[in-house]
Amino acid sequence: MSTRSSVLSILLLALLTSCGNAGGGEGKGKGRDRPPPLVKVEPASTMRFVESVEAVGTARANEQVTVSAPVTERILRLNFDDGAYVTQGQTLAVLAAAQETAQLTEAQARAREAGQQLARIQTLRQRGFATKTNLDQQVAAAATARAQAAQAQATIGDRVVRAPFSGWVSLRNISAGAVVNAGTEIATVSDLSAIKLDFPVPETLLSSLRPGLTIAAKSAAWPDQPFRGQIATIDPVIDPNTRAVMVRARLPNPDRKLKPGMFLTVAIETAPRMSLSVPELAVIGEGDQRYVYVLGEGNVAKRQAVRTGVRSGGRVEIAEGLRPGQRVVTEGVVKLSEGMKVRVAGASNAAAGPRAKGG
């Protein structure tokens, strides 16, 4: 009985060992059958990159002036509506000028009389009946009369207020019939065909600025629309209190979306260039080093060191380390290691599938 029990124990142990070996073999087989990781790939392509300097500024009209009453007088009529467009030279307001008109009529009459008297003396002088002194006196009298008439005409002209240039007028706060004093505001005329954008830039960035650089401005009123223009002028004087220089840019404003007084954020575009780029997810960072995985023949991943630049629109500038058209892994990077074979999403992977194994 003891011998028979020992034999049975040995047979049972052998059976369990063989089952364990069979299970282990099956697991190893499954490990060998696991497919390569699935990744997304994109060729390295060129795009435009710029470095930018951030600032904030205030919008101003291309031209703007407040038209005021030149004299104290009553307003006869106003020839503009609130927010209307006016052309250069258009009459905005007419002030009362009855007394000045009468003075002009009188001065014109005196000028005509002085001119007639001058003609008579010139005739007498030719016949020898008038002296040169009499002629000179009448010449001066005629000139004085004409000057007085011109002065009266200018006085009437001062009572007609005209637009100095074409633009849009502000809301008016006066009405016809009101008596205004000299200097009273009648309207503000603004040329909005372009906008001047003034913004300060620290003196440490002065070397990167020059007229003609492109800027992109954004307003809270139009957050999804950048307004592009160019630097027109750089103030030659630096503010000693802020250690900043005032920069003025001009932005086209054909649709008049930008208004004087708007607060705008500004990005000054410097060093524009065309460079290779890859999506941000493709770049791996380890300390100061940056890497990407590129695919070679047979879809084998190779880890490649690169030197990156600026970022823009979800992409990273590649200054060194890649060639145009190289296939870069953009998704699934965390699953990769050097020399690993992969499957490319959306591509034919027959070589890495079960059919290749069966063949």
Side-chain angles (χ1 to χ4, degrees), residues 39-57 59 193-202 204-234 245 247-255 257-258 262-285 288-295 302-333 344-346:
V39 298
K40 288 187 177 180
V41 175
E42 180 181 315
S45 58
T46 58
M47 65 173 285
R48 184 176 183 269
F49 286 94
V50 294
E51 297 178 10
S52 63
V53 176
E54 303 293 332
V56 293
S193 60
I195 288 292
K196 296 175 182 175
L197 182 59
D198 295 346
F199 53 92
V201 176
T204 54
L205 301 175
L206 189 59
S207 61
S208 62
L209 300 179
R210 69 177 186 278
L213 280 181
T214 300
I215 71 159
K218 286 190 176 182
S219 166
W222 313 98
D224 299 327
Q225 179 179 355
F227 298 90
R228 297 190 178 276
Q230 291 184 332
I231 292 178
T233 309
I234 300 174
V245 62
V247 179
R248 171 167 290 177
R250 291 183 181 272
L251 288 73
N253 191 33
D255 50 9
K257 288 185 176 180
L258 296 178
M262 268 187 171
F263 181 81
L264 301 175
T265 57
V266 186
I268 308 169
E269 298 180 350
T270 62
R273 57 194 178 274
M274 297 297 293
S275 300
L276 279 179
S277 69
V278 297
E280 291 182 344
L281 293 177
V283 181
I284 307 168
D288 295 334
Q289 301 297 317
R290 298 293 181 267
Y291 302 91
V292 297
Y293 279 100
V294 298
L295 295 189
K302 178 184 177 182
R303 183 163 140 157
Q304 190 157 319
V306 294
R307 183 167 65 86
T308 59
V310 299
R311 298 170 183 259
S312 176
R315 300 184 70 86
V316 181
E317 178 187 18
I318 303 298
E320 291 180 2
L322 283 180
R323 299 187 309 274
Q326 278 190 290
R327 295 188 300 162
V328 178
V329 177
T330 60
E331 291 187 25
V333 177
V344 178

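Quick caveat: nothing in here was measured; it's all calculated off a predicted structure.
Side-chain contact between S277 and E317 is absent, with no heavy atoms from C-beta onward closer than 4.5 Å. When side chains are defined from C-beta on, L264 does not count as touching F199, because their heavy atoms never get closer than 4.5 Å. A 4.5 Å side-chain heavy-atom check between V201 and V266 finds every atom pair outside the cut-off. Side-chain contact between V278 and I318: present, with at least one pair of heavy atoms (C-beta onward) separated by less than 4.5 Å.
Inspection of the T330 and E42 side chains reveals no N or O donor paired with an N or O acceptor under 3.5 Å.
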Could you go through N253 and L251, starting from their C-alpha distance and side-chain angles, then the distance that decides it, and tell me whether this counts as side chain to side chain contact (heavy atoms under 4.5 Å, CB included)? CA-CA 6 Å; N253 191 33; L251 288 73; over 6 Å; no

Do M262 and W222 pass the side chain to side chain contact (heavy atoms under 4.5 Å, CB included) test, and can you show the C-alpha distance, the side-chain angles, and the key distance before you say yes or no? CA-CA 11 Å; M262 268 187 171; W222 313 98; 4.3 Å; yes

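I268 CD1 to R210 CZ: the interatomic distance, rounded to the nearest 0.5 Å, is 11.5 Å. Taking OG1 of T308 as the reference point, atom CD of Q289 lies at 10.5 Å (rounded to 0.5 Å). Within the model, atoms CZ of R323 and CD of Q304 stand 7.5 Å from one another, a figure rounded to the nearest 0.5 Å. For the atom pair CD1 of I215 and CZ of R228, the computed distance is 10.0 Å after rounding to the nearest 0.5 Å. Rounding to the nearest 0.5 Å places CE of M47 at 6.5 Å from CZ of R315.
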